[in-house]
Amino acid sequence: MPELPEVETIVRALRNGGRGDASILHRRIQSVDLRWARTLASSEAGEFERRLIGQEINDVARRGKYVVIHLDGEFLLIHLRMSGDLRVETPPLAPPSTHDRLIISFTDGTRLVFNDTRKFGRVWLTKDMNSVTGSLGPEPFDSGLSPEIFFHNLHSKKKYIKSLLLDQSFLAGLGNIYVDESLHRANIHPLRPSNSLSPDESGRLLEAIRKTLTDGINNNGASIDWVYRGGDFQNNFRVYQQTGKPCLVCGTPIERIVSGQRGTHFCPRCQPKGVVV
DNA sequence: CCTGAAACCTGTCTGC
DNA sequence: TGCAGACAGGTTTCAG
């Protein structure tokens, strides 16, 4: 589900409050209720609970699509995958909901709830964050990711640009929505080989990715169906799930193809297959 | 190295 | 109304 803007929105809410949630900073863990064992990616349930209890939340951050919760000398990492969400509850507490997978209760009576309909989400507890996030590519907003380096990276691979942008080891944080939206903004066909992009196209693409993600964050992410709450970016989609509707730029109907088992939306006129000079 | 398919899951929507 | 099939914001693993 959540891509970078949705995860960023959740992280900001957990850190500073917002989106209907109270901040969880500086709360201390009193008890842990693991309701779906396979939510744990690393440790075993008993050890996981024993290690968590007594630790304090020192910070909440994001790396790629991971929520990174800083504890006392170790990290609780949460990946929301397709349908995960996090919420903070304050008394009076209601009974757990159907799809609550992990409930972390704090000593002050509040709690952090990980809800995940499709059970794809995973949680890690580790002292070595790198063992989980070490294979991720750069953050899209990393100032070290210059147009020159991005161009070089694109040309070190020859995958379809759509597939490459979804590859978290190439660039961390993009998912199906923001890739389709970025490619449309940059006027690049999703099935262009990554090493066929010109320097100009490469530069446009990096700019488009950053602009699209910024728009997403400023709209608190995108809410679709029951999966995510609070965001408005779904009202600004250019191509994602707009099949058959006129392109906002040229009026040509948006097309949908499948690439890498992912629905892929694009404007056949604005995003031609050949290089546009 | 690259692509596609399957697997992990539940829920919604569409069409017959 | 029922039911089959497609589809869904992600990632990993395996076959070709």
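Residue numbers start from 1 in every chain, and the chains themselves are labelled A, B, ... in the order their sequence lines are given, proteins ahead of strands.
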Rounded off to whole Å, could you give me the [atom1]-to-[atom2] distance for the [X] and [N] pair?
X	N	atom1	atom2	value
Q234(A)	dA8(C)	CD	P	17 Å
R118(A)	dT12(B)	CZ	C1'	11 Å
I78(A)	dT11(C)	CD1	P	15 Å
I257(A)	dG4(B)	CD1	P	10 Å
Q242(A)	dC7(C)	CD	C1'	16 Å
N115(A)	dC9(B)	CG	P	16 Å
R262(A)	dT3(B)	CZ	P	15 Å
R101(A)	dC9(B)	CZ	P	10 Å

Quiz item: Can you check whether L86(A) reaches V67(A) side chain to side chain, under 4.5 Å on heavy atoms?
Solution: yes
Exercise. Please tell me if the side chains of Y240(A) and N176(A) come closer than 4.5 Å, counting only heavy atoms from C-beta onward.
Key: yes
Please tell me if [X] has a side-chain N or O lying less than 4.0 Å from either OP1 or OP2 of [N].
X	N	value
H79(A)	dT11(C)	yes
R256(A)	dA8(C)	yes
H99(A)	dC9(B)	no
K65(A)	dG10(C)	yes
Q168(A)	dT11(C)	yes

Please determine whether a side-chain nitrogen of the Lys or Arg among [X] and [Y] lies less than 4.0 Å from a carboxylate oxygen of the Asp or Glu.
X	Y	result
R238(A)	D215(A)	no
E8(A)	R12(A)	yes
E207(A)	K211(A)	no

Pairwise [atom1] distance for [N] and [M], with rounding to whole Å:
N	M	atom1	value
dA7(B)	dG5(C)	P	16 Å
dC7(C)	dA5(B)	P	13 Å
dG11(B)	dT11(C)	P	22 Å

Practice problem: May I ask you to list the residues sharing a hydrophobic cluster with V68(A), side-chain cutoff 4.5 Å, ordered by chain and number? | Solution: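 Cluster partners of V68(A): Y66(A), F75(A), L77(A), W124(A), M129(A), V132(A), L136(A).
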Quiz item: In the hydrophobic clustering that connects Ile, Leu, Val, Met, Phe, Trp and Tyr at side-chain heavy-atom distances below 4.5 Å, which members other than Y160(A) occupy its cluster, ordered by chain and number?
Solution: L191(A), I257(A), F266(A)
Exercise. Look only at the side chain of T212(A) and the backbone of Y178(A), and say whether a donor-acceptor pair between them is shorter than 3.5 Å.
Key: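 Pair absent, no side-chain N/O of T212(A) close to backbone of Y178(A).
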Quiz item: Between R256(A) and H265(A), is there a donor-acceptor pair closer than 3.5 Å when you use the side chain of the first and the backbone of the second?
Solution: no
Exercise. Give a yes or no on whether R269(A) atom CZ has more than 12 heavy-atom contacts from other residues, nucleotides or ligands under 6.0 Å away.
Key: no
Practice problem: Output the residues of residues 159-167 of chain A in contact with DNA chain B, where contact means a heavy atom of the residue under 4.0 Å from an atom of the strand; sort by number or write none. | Solution: K159(A), Y160(A)
Self-check item: Residues in contact with DNA chain B, drawn from residues 119-129 of chain A - heavy-atom cutoff 4.0 Å
Solution: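 Residues of residues 119-129 of chain A under 4.0 Å from DNA chain B: K119(A), F120(A).
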Exercise. Scan E3(A), E6(A), E139(A) and name whichever one has a salt bridge (charged side-chain N to carboxylate O under 4.0 Å, His left out) with R62(A).
Key: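 It is E139(A); the other options fail the test.
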Name the atoms and distances for all side-chain donor-acceptor pairs under 3.5 Å in residues 88-115 of chain A, with sequence neighbours left out.
{"residue": "E89(A)", "atom": "OE1", "partner": "R111(A)", "partner atom": "NE", "Å": "2.8"}
{"residue": "E89(A)", "atom": "OE1", "partner": "R111(A)", "partner atom": "NH2", "Å": "3.0"}
{"residue": "E89(A)", "atom": "OE2", "partner": "R87(A)", "partner atom": "NE", "Å": "2.8"}
{"residue": "E89(A)", "atom": "OE2", "partner": "R87(A)", "partner atom": "NH2", "Å": "2.8"}
{"residue": "H99(A)", "atom": "ND1", "partner": "R101(A)", "partner atom": "NH2", "Å": "3.4"}
{"residue": "D100(A)", "atom": "OD1", "partner": "R87(A)", "partner atom": "NH1", "Å": "3.2"}
{"residue": "D100(A)", "atom": "OD1", "partner": "R87(A)", "partner atom": "NH2", "Å": "3.3"}
{"residue": "D100(A)", "atom": "OD1", "partner": "N115(A)", "partner atom": "ND2", "Å": "2.6"}
{"residue": "D100(A)", "atom": "OD2", "partner": "R87(A)", "partner atom": "NH2", "Å": "3.0"}
{"residue": "D100(A)", "atom": "OD2", "partner": "S97(A)", "partner atom": "N", "Å": "2.7"}
{"residue": "R101(A)", "atom": "NE", "partner": "H99(A)", "partner atom": "O", "Å": "3.4"}
{"residue": "R101(A)", "atom": "NE", "partner": "D116(A)", "partner atom": "O", "Å": "2.9"}
{"residue": "R101(A)", "atom": "NH2", "partner": "D116(A)", "partner atom": "O", "Å": "3.2"}
{"residue": "R101(A)", "atom": "NH2", "partner": "T117(A)", "partner atom": "O", "Å": "3.1"}
{"residue": "D108(A)", "atom": "OD1", "partner": "T110(A)", "partner atom": "N", "Å": "3.1"}
{"residue": "D108(A)", "atom": "OD1", "partner": "T110(A)", "partner atom": "OG1", "Å": "2.7"}
{"residue": "D108(A)", "atom": "OD2", "partner": "R27(A)", "partner atom": "NH1", "Å": "2.2"}
{"residue": "R111(A)", "atom": "NH2", "partner": "A94(A)", "partner atom": "O", "Å": "2.7"}
{"residue": "N115(A)", "atom": "ND2", "partner": "H99(A)", "partner atom": "O", "Å": "3.4"}

Quiz item: Looking across every strand, which nucleic acid part, if any, lies under 4.0 Å from Y240(A) by heavy atom: base, sugar-phosphate, or nothing?
Solution: sugar-phosphate
Quiz item: Which is true for G260(A) with a 4.0 Å heavy-atom rule: it touches a base, it touches only sugar-phosphate, or it touches nothing?
Solution: sugar-phosphate
Quiz prompt | Parallel, tilted or perpendicular: ring planes of F233(A) versus F237(A), cut at 30 and 60 degrees | solution = perpendicular
Quiz item: Counting a pair only when it is Watson-Crick or G-U and both distances are under 3.5 Å, which runs of at least 3 such pairs involve DNA chain C?
Solution: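 Counting only runs of 3 or more consecutive pairs, the stems involving DNA chain C are B:2-8 with C:10-16, B:10-16 with C:2-8.
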Quiz item: Would you say the base of dA6(B) and the side-chain of Q261(A) have a donor-acceptor pair closer than 3.5 Å?
Solution: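 Between dA6(B) and Q261(A), which were checked side chain against base, a qualifying N/O pair under 3.5 Å is present.
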Practice problem: Measure from the side-chain heavy atoms of R38(A) and tell me the nearest of dG11(B), dC9(B), dA8(C). | Solution: dC9(B)
